[in-house]
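Structure, as structure tokens:
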Amino acid sequence: MRPHRAAQDGDMSDPKHLLPDADIAAAGLDDWRHADGALHARYASGDFAAGLELVNRIGESAEAADHHPDITLTYPAVEVTLSSHDAGGVTARDIRMARAISEHASALGIAAKS
Ligand SMILES: C[C@H](O)[C@H](O)[C@H]1CNC2=NC(N)=NC(=O)C2=N1
């Protein structure tokens, strides 16, 4: 019989485990909102070149993690959506990638807008 904690830890670290809403809310992802089984953020990059730089940095992290967001790049903004396609919702992989994306935006001085 596995101790409860190990089982719980196993679930929390399982990359395919769908996270309950409460865990997503508790992750402290200030730039992001949880809706329709995914995480969403909109970054006000201000112009296309700045947005492209953010997209390039996101791309590097996504390739390194083999976990890829959906990205819309426009002149004023970058919109990002994260979900784990193989699990059909939000997992720990999405939380980790959201944090990495927020760090890239912060490093570039790009604020999130609702
Ligand atoms: C074969 C490749 O490892 C898988 O398709 C990866 C690629 N990137 C991915 N990205 C996301 N968001 N979800 C996935 O399930 C996923 N799977």
Side-chain angles (χ1 to χ4, degrees):
M1 177 63 183
R2 288 184 0 180
H4 174 68
R5 203 180 72 77
Q8 187 177 5
D9 288 355
D11 289 343
M12 294 304 284
S13 61
D14 176 356
K16 296 215 174 169
H17 169 71
L18 289 178
L19 296 175
D21 292 358
D23 291 8
I24 297 167
L29 299 172
D30 296 339
D31 294 354
W32 299 80
R33 61 186 173 81
H34 178 209
D36 304 324
L39 300 176
H40 305 270
R42 183 177 186 275
Y43 290 100
S45 43
D47 63 46
F48 194 84
L52 184 57
E53 178 59 31
L54 176 56
V55 168
N56 285 331
R57 295 186 188 192
I58 292 171
E60 287 172 11
S61 293
E63 283 296 287
D66 190 31
H67 194 71
H68 304 85
D70 298 342
I71 301 173
T72 301
L73 171 61
T74 60
Y75 184 87
V78 177
E79 298 188 3
V80 190
T81 298
L82 272 169
S83 70
S84 295
H85 308 146
D86 55 5
V90 176
T91 70
R93 288 172 287 164
D94 301 299
I95 302 296
R96 277 194 296 273
M97 186 55 59
R99 287 203 174 100
I101 292 168
S102 293
E103 286 166 17
H104 287 311
S106 176
L108 291 169
I110 296 174
K113 292 285 181 255
S114 57

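Note that ligands are numbered from 1 as they come in the structure, with each ligand's atoms numbered from 1 the same way.
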Nearest protein heavy atom to atom 10 (N) of ligand 1, by residue and atom, and its distance?
His68 N, 3.0 Å
Which protein heavy atom lies closest to atom 7 (C) of ligand 1, and at what distance to 0.1 Å?
Asp66 OD1, 3.4 Å
Is the number of heavy atoms from other residues, nucleotides or ligands under 6.0 Å of Asn56 CG greater than 12?
yes
Answer yes if a protein heavy atom lies under 4.0 Å from atom 14 (C) of ligand 1, otherwise answer no.
yes
Thinking salt bridges, do Arg99 and Glu103 make one under a 4.0 Å N-O criterion?
no
Any donor-acceptor N/O pair, His40 side chain to Ala35 backbone, under 3.5 Å
yes
Does Leu18 share a hydrophobic cluster with Ile24, counting links as ILVMFWY side-chain heavy atoms below 4.5 Å and allowing steps through other members?
no
Between atom CD1 of Ile101 and atom OG of Ser106, what is the distance when rounded to the nearest 0.5 Å?
13.5 Å
Considering distance alone, does some N or O of Ser84 sit under 3.5 Å from an N or O of ligand 1?
no
If the cut-off is 4.0 Å to any non-hydrogen atom of Asp86, which atoms of ligand 1 fall inside it?
15 (O)
Taking the minimum heavy-atom distance to atom 16 (C) of ligand 1, which of Glu63, Lys16, His85 ranks first?
His85
If you scan protein heavy atoms around atom 12 (N) of ligand 1, the nearest is Ser83 O, 2.8 Å
Is there any N or O on Asp94 that sits under 3.5 Å from an N or O of ligand 1?
no
Between Ala87 and ligand 1, find which residue part has any heavy-atom pair under 4.0 Å and reply side chain, backbone, both or neither.
neither
With clusters defined by side-chain heavy atoms of hydrophobic residues (ILVMFWY) lying less than 4.5 Å apart, directly or transitively, does Val80 cluster with Leu108?
yes
Indicate yes or no for a side-chain donor-acceptor contact from Thr91 to the backbone of Lys16 under 3.5 Å, with no hydrogens or angles considered.
no
Under-4.0 Å heavy-atom contact between protein and atom 5 (O) of ligand 1:
no
